[in-house]
2 protein chains.
Amino acid sequence: MKIDPNSTADLSAQIASAIRDAIVSGELIVDARLPSEAELADQFQVSRPTVREALKRLAAQSLIRTQRGATGGAFVNRLSFEEAYGQQITTSTLLLSMNEVSFDVACEARYAMERACAPLSAKRRTGDQLATMRAEIHRQSQPGLSDEAFCASDVTFHRALVDGAGNPVLSYQLAGAVEAMQPLMNMITFSERSRERIVALHTAITDALEARNPAQIEALLADLEAYTLKIAHEIAARRRAK
Amino acid sequence: MKIDPNSTADLSAQIASAIRDAIVSGELIVDARLPSEAELADQFQVSRPTVREALKRLAAQSLIRTQRGATGGAFVNRLSFEEAYGQQITTSTLLLSMNEVSFDVACEARYAMERACAPLSAKRRTGDQLATMRAEIHRQSQPGLSDEAFCASDVTFHRALVDGAGNPVLSYQLAGAVEAMQPLMNMITFSERSRERIVALHTAITDALEARNPAQIEALLADLEAYTLKIAHEIAARRRAK
DNA sequence: CGATTTTCATTTGTCTGACATTTGTGCTTG
DNA sequence: CAAGCACAAATGTCAGACAAATGAAAATCG
């Protein structure tokens with residue numbers, strides 16, 4: 001691990017990059033202990049605060065974890081699916097909120113990916129996942145439910161559908177789409193949409209999943225997408241009219 | 001922005017979290033300038049190195065950028081699709097390499113998502129994208145091409161297919177899948193696969209895309225998936241036999 | 001007066017040295 | 001032998017200082 005003395009970039013960024021490369025390349029394996037901060041400082045010929053800034057950068061990406069005490073130090077972290085989900089959701093949320101992504105584009109991407117799960121979910125869905133979905137549908141039918149709770153239930157429903165595919169990589173990839181976009185969509189459309197209609201579609205989707213009918217699931221998801229789009233366009237049109 | 005004095009977590013992590021929340025919630029908007037490090041240190045009642053560690057954590061997630069000099073400081077960064085791609089790829093690569101994800105699972109997820117692009121790509125693909133794909137196919141047909149170059153060309157080919165959907169959100173979501181998993185798959189299967197067969201499938205996919213035939217694209221992607229899986233299983237079986 | 005140069009204040013980047021806190025280890029002692 | 005204690009090592013935090021970059025204001029010159 002070496003850094004380029006001629007680079008103008010921050011030393012802490014260079015050091016972080018060097019260590020990251022060592023991890024990605026496999027030079028540092030999972031649970032390996034990095035040299036102590038003092039040793040790293042000596043090795044890179046910088047001060048300890050600079051090394052610490054580099055380590056914090058890596059910690060922010062869940063690449064390392066630190067432990068205090070005698071046998072402590074910085075260790076290469078096994079990036080869990082849970083941690084990766086979290087980062088994925090944060091990044092996706094910010095990406096959407098900062099880039100004026102049109103509703104149509106976000107909606108299209110989200111449903112395209114969700115439909116990709118349909119064949120797998122139809123094949124592998126468990127009773128647990130069906131039960132979760134039916135429970136959420138029941139909650140969504142309660143008259144007194146707040147908009148926030150309805151939205152949260154909606155997210156849980158769709159995640160159960162995605163998890164039904166039984167593929168953790170796919171679930172990870174979709175976490176960003178469902179958890180980041182669904183609230184965004186709900187925020188825009190919650191005032192106008194018909195809960196009855198959504199509950200009806202959710203019920204039909206669950207039935208199709210129970211019957212292991214992938215084509216039906218895909219068609220119903222397309223219906224849900226079309227309905228969501230229609231509501232959003234109506235709201236946009238009304239806003240323009242004013 | 002406040003931190004909990006009773007928390008046992010690192011101060012720099014708490015401060016980073018507080019600022020991150022302010023950004024995500026919209027309290028700090030894009031290009032807004034954060035208080036100077038000295039002011040933040042004063043505000044949170046911590047030292048400047050601690051504040052700096054917090055800021056480096058945020059910088060590692062591309063949430064802020066810093067600038068030196070009189071009018072410098074830390075600014076809320078507009079998270080670009082490019083930056084998000086990069087993070088997505090790093091995270092996906094590590095997730096796959098550290099979690100003993102089976103080849104089958106990764107392969108299934110990757111092709112499921114890519115097939116999700118097929119209908120949109122068939123509708124919107126441009127001449128440029130077709131040209132890119134044909135150029136890559138031509139490169140892949142060169143006899144003297146190294147395995148690394150063939151793999152890189154393969155990635156470019158599939159990215160052009162994905163970008164053909166004309167949906168940046170979808171492209172972003174798939175960046176992790178294609179750029180992280182494709183090299184992994186190539187690394188495993190490159191020794192046994194038939195380049196002729198892959199080139200033939202790529203050609204057929206490009207033809208189907210030119211003809212705007214989504215079902216055909218999906219079927220051919222399924223063929224490619226099946227072929228990749230078959231090779232991987234053969235290699236695994238041979239390894240077991242030894 | 002206008003253009004150029006100089007100075008200067010502000011801010012981040014880095015260093016030094018120190019102390020606090022945590023935690024495993026091994027020694028001491030009952 | 002076991003409980004407790006001192007110690008060492010490592011991270012977490014702090015204070016103060018200087019270096020370097022950079023834009024703005026002031027001074028200078030044609």
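Per chain, numbering begins at 1; letters A, B, ... match sequence-line order. All heavy atoms count here, side chains included; hydrogens, waters and symmetry mates do not.
For A/His138, the NE2 atom sits in a loose shell: 12 or fewer heavy atoms of surrounding residues, nucleotides or ligands are nearer than 6.0 Å. Taking a 6.0 Å sphere around CG of A/Asp104, one finds it holds more than 12 heavy atoms contributed by other residues, nucleotides or ligands.
Side-chain proximity of A/Ser36 to the nucleotides D/dA10, C/dT12, C/dA9 is greatest for D/dA10. Of all nucleotides listed (D/dT11, C/dG13, D/dG23), C/dG13 comes nearest to the side chain of B/Arg52.
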Nucleotides 3-7 of chain C: which of its N/O atoms have a protein N/O under 3.5 Å away?
none

(request) Dump the intermediate steps for side-chain hydrogen bond (donor to acceptor under 3.5 Å, both in side chains) on A/Glu53 and A/Thr50, then the final yes or no. (result) CA-CA 5 Å; A/Glu53 287 178 13; A/Thr50 303; 5.7 Å; no
(request) Go through the steps to decide whether B/Leu170 and B/Val162 satisfy the test side-chain contact (heavy atoms from CB on, under 4.5 Å), and finish with yes or no. (result) CA-CA 8 Å; B/Leu170 207 49; B/Val162 167; 5.7 Å; no
(request) Test B/Gln61 against A/Thr90 for side-chain hydrogen bond (donor to acceptor under 3.5 Å, both in side chains), laying out the working first. (result) CA-CA 10 Å; B/Gln61 297 182 303; A/Thr90 307; 6.0 Å; no
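One atom, CZ of A/Phe44, and another, P of C/dG13, lie 19 Å apart when rounded to the nearest Å. Taking atom CZ on B/Arg33 and atom P on D/dT22, their separation rounds to 15 Å, with Å as the unit. The distance from atom CD1 of B/Ile3 to atom C1' of D/dT13 is 12 Å, rounded to the nearest whole Å. We find that CD of A/Glu37 is positioned 15 Å from C1' of C/dC19, with the value rounded to whole Å. Remark: P of D/dG23 and CZ of B/Phe75 are 10 Å apart, rounded to the nearest angstrom. Across the protein-nucleic acid pair, A/Leu40 atom CG and C/dC15 atom P stand 14 Å apart, rounded to whole Å. Rounded to an integer number of Å, the gap from CG of A/Asp42 to C1' of C/dG17 is 16 Å. To the nearest angstrom, P of C/dT14 lies 8 Å from NZ of B/Lys56.
For A/Arg68 and C/dT23, a side-chain-to-base donor-acceptor distance below 3.5 Å is absent, hydrogens and geometry of angles not being considered. For a distance-only test at 3.5 Å, the side chain of A/Arg48 fails to qualify as a donor-acceptor partner of the base of C/dG17.
For the OP1/OP2 pair of D/dG12 and a distance below 4.0 Å, the side-chain nitrogens and oxygens of A/Thr66 include at least one atom meeting the criterion. Not one side-chain nitrogen or oxygen of A/Thr71 sits closer than 4.0 Å to the OP1 or OP2 atom of C/dG24. Phosphate contact (OP1/OP2 of C/dC15, side-chain N/O of A/Thr50, threshold under 4.0 Å): present.
Heavy atoms of A/Arg65 sit nowhere under 4.0 angstrom from any nucleic acid atom.
Not one N or O on the side chain of B/Asn77 forms a donor-acceptor pair closer than 3.5 Å with the backbone of B/Leu79.
Using a 3.5 Å distance cut-off with no hydrogens or angles, the side chains of B/Thr126 and B/Gln129 do pair a donor with an acceptor.
Between A/Gln67 and A/Asp10, the one whose closest nucleotide on DNA chain C sits nearer the 5' end is A/Asp10. Each of A/Leu55 and A/Pro49 has a nearest nucleotide on DNA chain D; the 5'-most of these lies closest to A/Leu55.
One finds a salt bridge joining A/Glu136 and A/Arg139 here, because a Lys/Arg side-chain nitrogen approaches an Asp/Glu carboxylate oxygen to under 4.0 Å.
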